[in-house]
J.: 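I have a structure here, written as structure tokens, and I will follow up with some questions on it.
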Amino acid sequence: MIRTNKHSKQTKKSKISDDFTEPHSKLLLERFPYTTKDFQLKDVPILTIDQSFFADPFKTIDDLYAKGYEKFGIVKLILPPDLVVPNKKFFSLLESKLKGKRLQTRIQTLNTQRAGEIFGSNSIGFTIQEYMNLANKFECTHKLQGMREVSNQIRQNEIEFWSIIDYPTKYEDIEVEYAADLLATKYATGFQDGQLGNLSGINKNRNSIFQVLQEKNEMSGISVPWLYLGMKYANFCWHKEDLNLNSMNYMHAGAAKTWYAIPPSYSDKFLQYFNKAYENERKQNPRLLYDITCQISPVELVENGIQILRTDQQPGELILTLGATYHAGFSHGFNCSEAVNVAPTQWLKEFDKATQEYRMDGNLKKVSFPLEWLLCKVALMVDEIRFTKQSWQKLFEKFKQMMDQEINNRKCILNLYDHVKTIEFVNKQEKYDRSVCKICSNYMFLSYIFCGKCIKKGCICHQSICACASPQISLYIRYNNEELQAMLATLESKIKTTGS
């Protein structure tokens, strides 16, 4: 939709599918500030995969890391054409799955996205047919607000999209809606029963750390896929995945989606540039980057020495992000995608990088889950899960690092305070989110210290959690030192009994 007046970002109380704004009046068209020369970006690496990929997807991920694809931070995998469901059939099947369900949307105004304004929300939402009507109506009625620069519609859309983002006052307001983050278990999965590549089961494969997650432990939007319905210019802003997890995004059907990615080696440079560019805005909202509402054009980033990779994703193509990769993008019309996070053993080193970055930023970003929880589940489920010898070795090394640090921190607490009571959890299976540190807001899975005077508790790595003159400290532990050492021995044994 094109608006002639600035609109409020308040949550909409109602929305009907035929509430369309008429196209803007005829303008004296000028050239856009950008041309195709401004978008001469490097391509994302592309690989073609066959059906064997789905039998052991993490083997492909291992191969990508072994061959150095991690330096790109993103890869596009093209599926065999016979595995792709035709558009008409796909949307007919999806409509039947979503019958009676309303899809809430984010309301995005392109002209305010460089400023990082919080998106509006349409809480009433649409049926899928209503949303499809909205998307098609917008695409049919939208008129370029500048002279056509190129016959390729995708590249022309790119020029207009970023021109409006970077020069908002030159153009009429464009408002679109994005049905994002629709939990597949609540709404629907776009995959058909028995269809190869179903992301709902991708994390149950060999070499996935998320193998240990049973249904009651699944994490919404991380290990459980999200469904996305987009329209022309609906977009996702620059962000990394939680804890630098890898991600898989599959396009089921519809119009193309353009992706931009920053290789991990430029991640710190992007963060520095973002903090400088939004210095004043971050004073008002320190969490601005984590709100994922800021669009910065690839042109601007390249001009400031930040490398950008680009690809246009079509139906039947899978985008895989690796590690600390900032990415952004937008759709060229009505489409449907599905995405999930994945955790190969190569991700273990990324967890430490991510948590350190969160700490350096004042813990504005909360750690989604504790790694200790996953590692202990791996050690307790060795006979139920599958890893290669090399992956067991990585898990062993990470567990040993975690255990040594934990035991050392416990010794420090016992030496620092007098008469410390050590108390084991009554329920060792207690969920990881039951105890939260008062200092850093992180989950305390393996242990915590508690002061009986001021009733405060915190991570043992902080050592001091209160200002009491004579604190009454208790050390609560889930597993004692001997139990942790037994888990480590179990992992070591698994390495020896697993073939190369």
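Both backbone and side-chain heavy atoms feed into the values below; hydrogens, waters and symmetry mates do not.
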J.: With salt bridge (Lys or Arg N to Asp or Glu O under 4.0 Å) as the test, would you mind laying out the steps for E350 and K353 before giving the verdict?
T.: CA-CA 5 Å; E350 292 292 342; K353 292 179 185 177; 3.7 Å; yes

J.: Would you sort out whether Y171 and N111 count as a side-chain hydrogen bond (donor to acceptor under 3.5 Å, both in side chains), showing the intermediate values?
T.: CA-CA 8 Å; Y171 303 102; N111 309 63; over 6 Å; no

J.: Run the side-chain contact (heavy atoms from CB on, under 4.5 Å) test against Q401 and tell me which residues pass, sequence neighbours left out.
T.: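 For Q401 the side-chain contact (heavy atoms from CB on, under 4.5 Å) partners, ignoring immediate neighbours, are D352, K398.
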
J.: Name the one of W226, F191, Y228 that satisfies ring-ring contact (aromatic ring centres under 6.0 Å, His included) with Y250?
T.: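 Only one option passes, and that is F191.
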
J.: Classify the ring geometry of Y233 against H142: parallel below 30°, tilted from 30° to 60°, perpendicular beyond 60°.
T.: perpendicular

J.: Looking at G254 and P315, what are the two nearest heavy atoms and their distance?
T.: O-CG, 3.4 Å

J.: Which atoms form the tightest heavy-atom contact between Y187 and L103, and what is the distance?
T.: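 Reported closest heavy-atom pair: CD2-CD2, 3.8 Å.
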
J.: Within this structure, what is the CG-OG1 distance for the pair N442 and T355, rounded to the nearest 0.5 Å?
T.: 8.0 Å

J.: Taking all non-hydrogen atoms of both residues into account, name the closest pair between N203 and S223 and its distance.
T.: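 In terms of heavy atoms, the two residues are closest at ND2-O, 3.9 Å.
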
J.: How far apart are the C-alpha atoms of W162 and Y260, what are their side-chain angles, what is the distance that settles it, and do they pass the ring pair (Phe, Tyr, Trp, His ring centres under 6.0 Å) test?
T.: CA-CA 12 Å; W162 292 112; Y260 305 92; 5.6 Å; yes

J.: Considering non-hydrogen atoms only, spot the tightest contact between A256 and M251 and give its length.
T.: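 Closest approach of A256 to M251, heavy atoms only: C-CE, 4.1 Å.
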
J.: With distance as the sole test, does T105 use its side chain to make a donor-acceptor pair with the main-chain N or O of Y178 at under 3.5 Å?
T.: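 Looks like no, no N/O pair under 3.5 Å.
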
J.: Write out all pairs satisfying salt bridge (Lys or Arg N to Asp or Glu O under 4.0 Å) with one or both partners inside residues 228-240, taking only residues at least two apart or from two chains.
T.: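 Only K240-E357 qualify under salt bridge (Lys or Arg N to Asp or Glu O under 4.0 Å).
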
J.: Does the side-chain hydrogen bond (donor to acceptor under 3.5 Å, both in side chains) test come out yes or no for Q295 and N235, once each step is laid out?
T.: CA-CA 9 Å; Q295 277 296 24; N235 62 91; 3.1 Å; yes

J.: Once you round to the nearest 0.5 Å, how far does CG of L322 lie from CD1 of I74?
T.: 8.5 Å

J.: Decide yes or no on side chain to side chain contact (heavy atoms under 4.5 Å, CB included) for N122 and Q104, but give the supporting numbers first.
T.: CA-CA 6 Å; N122 179 350; Q104 295 186 4; over 6 Å; no

J.: Is it true that atom CD of E397 has more than 12 heavy atoms of other residues, nucleotides or ligands lying nearer than 6.0 Å?
T.: yes

J.: Looking at side-chain heavy atoms only, is the closest gap between V299 and I308 below 4.5 Å?
T.: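 They are not in contact (no side-chain heavy atoms under 4.5 Å apart), so the answer is no.
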
J.: Pair D173, T109 - check side-chain hydrogen bond (donor to acceptor under 3.5 Å, both in side chains), show working.
T.: CA-CA 7 Å; D173 279 9; T109 302; 5.6 Å; no

J.: What is the distance from atom NZ of K365 to atom CG of L289, rounded to the nearest 0.5 Å?
T.: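 With rounding to 0.5 Å, NZ (K365) is 9.5 Å from CG (L289).
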
J.: Rounded at 0.5 Å granularity, tell me how far CG in L371 sits from OH in Y432.
T.: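 The distance works out to 12.5 Å.
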
J.: Hey, does K438 have a side-chain heavy atom less than 4.5 Å from the side chain of I465?
T.: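 Not in contact.
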
J.: Using the rule given for side-chain hydrogen bond (donor to acceptor under 3.5 Å, both in side chains), can you reason through R148 versus Q153, listing the C-alpha separation, both sets of side-chain angles and the distance that settles it, and then say yes or no?
T.: CA-CA 9 Å; R148 177 170 288 278; Q153 190 59 49; 2.9 Å; yes

J.: Establish, for the pair R155 and F39, whether the NZ or CZ atom is under 6.0 angstrom from the six-membered ring centre and no further than 45 degrees off its axis.
T.: no

J.: Is it true that Y65 and N246 share a donor-acceptor pair across their side chains at a distance under 3.5 Å?
T.: yes

J.: Are F161 and F330 an aromatic pair by the rule of ring centers under 6.0 Å?
T.: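 Yes; F330 has its ring centre under 6.0 Å from that of F161.
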
J.: Could you measure the distance from the CD1 atom of I164 to the CG atom of L110? Nearest 0.5 Å is fine.
T.: 5.5 Å

J.: Between L320 and Y69, does the side chain to side chain contact (heavy atoms under 4.5 Å, CB included) criterion hold? Intermediate values first, please.
T.: CA-CA 11 Å; L320 174 65; Y69 281 87; over 6 Å; no

J.: Please name the pair of heavy atoms, one in S208 and one in F58, separated by the smallest distance, quoted to 0.1 Å.
T.: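 Taking every non-hydrogen atom into account, CB-CZ, 3.4 Å.
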
J.: Could you tell me whether the side chains of S441 and N363 share a donor-acceptor contact shorter than 3.5 Å?
T.: no

J.: Would you sort out whether N249 and Q313 count as a side chain to side chain contact (heavy atoms under 4.5 Å, CB included), showing the intermediate values?
T.: CA-CA 10 Å; N249 184 299; Q313 183 189 23; 3.5 Å; yes

J.: Tell me the closest heavy-atom pair linking P344 and I209, and the distance in Å.
T.: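 Heavy atoms of P344 and I209 come nearest at O-CD1, 3.7 Å.
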
J.: In sequence, state the C-alpha distance, the side-chain angles, and the governing distance for R106 and E177, and then conclude on salt bridge (Lys or Arg N to Asp or Glu O under 4.0 Å).
T.: CA-CA 5 Å; R106 300 172 185 169; E177 304 204 26; over 6 Å; no

J.: Between F138 and L134, is a side chain to side chain contact (heavy atoms under 4.5 Å, CB included) present by the stated rule, with each step listed?
T.: CA-CA 6 Å; F138 174 79; L134 173 75; 5.7 Å; no

J.: Side chains of V436 and Y443, heavy atoms from C-beta outward: is any pair under 4.5 Å?
T.: yes

J.: Can we say K76 and D43 salt-bridge, meaning some charged N sits less than 4.0 Å from an Asp/Glu carboxylate O?
T.: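 Answer for the salt bridge query: no.
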
J.: Is the count of non-hydrogen atoms from other residues, nucleotides or ligands lying under 6.0 Å from K431 atom NZ greater than 12?
T.: no

J.: Can you tell me how the ring of Y476 sits relative to the ring of F450, calling it parallel under 30°, perpendicular over 60° and tilted otherwise?
T.: perpendicular

J.: So does K42 have more than 12 non-hydrogen atoms from other groups sitting under 6.0 Å from NZ?
T.: no

J.: Just grab all the salt bridge (Lys or Arg N to Asp or Glu O under 4.0 Å) pairs involving residues 264-286, residues at least two apart or on different chains.
T.: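 Counting only pairs at least two positions apart or across chains, the salt bridge (Lys or Arg N to Asp or Glu O under 4.0 Å) contacts touching residues 264-286 are R282-D361.
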
J.: Enumerate the residue pairs fulfilling ring-ring contact (aromatic ring centres under 6.0 Å, His included) with a member in residues 276-305, sequence neighbours excluded, ordered by first and then second residue.
T.: F274-Y278

J.: Can a donor-acceptor pair be found between the side chains of E160 and Y34 at a distance below 3.5 Å?
T.: no

J.: Hey, is NZ on K411 packed in by over 12 heavy atoms from elsewhere, all under 6.0 Å?
T.: no

J.: Between atom CZ of F32 and atom CD of E30, what is the distance when rounded to the nearest 0.5 Å?
T.: 10.5 Å

J.: Evaluate salt bridge (Lys or Arg N to Asp or Glu O under 4.0 Å) for E158 paired with R310, printing each intermediate quantity in order.
T.: CA-CA 11 Å; E158 182 176 51; R310 178 186 64 191; 3.0 Å; yes

J.: Which residue pairs pass the side-chain hydrogen bond (donor to acceptor under 3.5 Å, both in side chains) test when at least one of the two sits in residues 323-345, sequence neighbours left out?
T.: N157-H332, T189-E338, H239-H327, E241-H327, E241-N341, H252-E338, K257-S337, T258-H332, S331-N335, T345-S391

J.: Can you list every side-chain hydrogen bond (donor to acceptor under 3.5 Å, both in side chains) pair that touches residues 447-469, not counting sequence neighbours?
T.: E406-S447

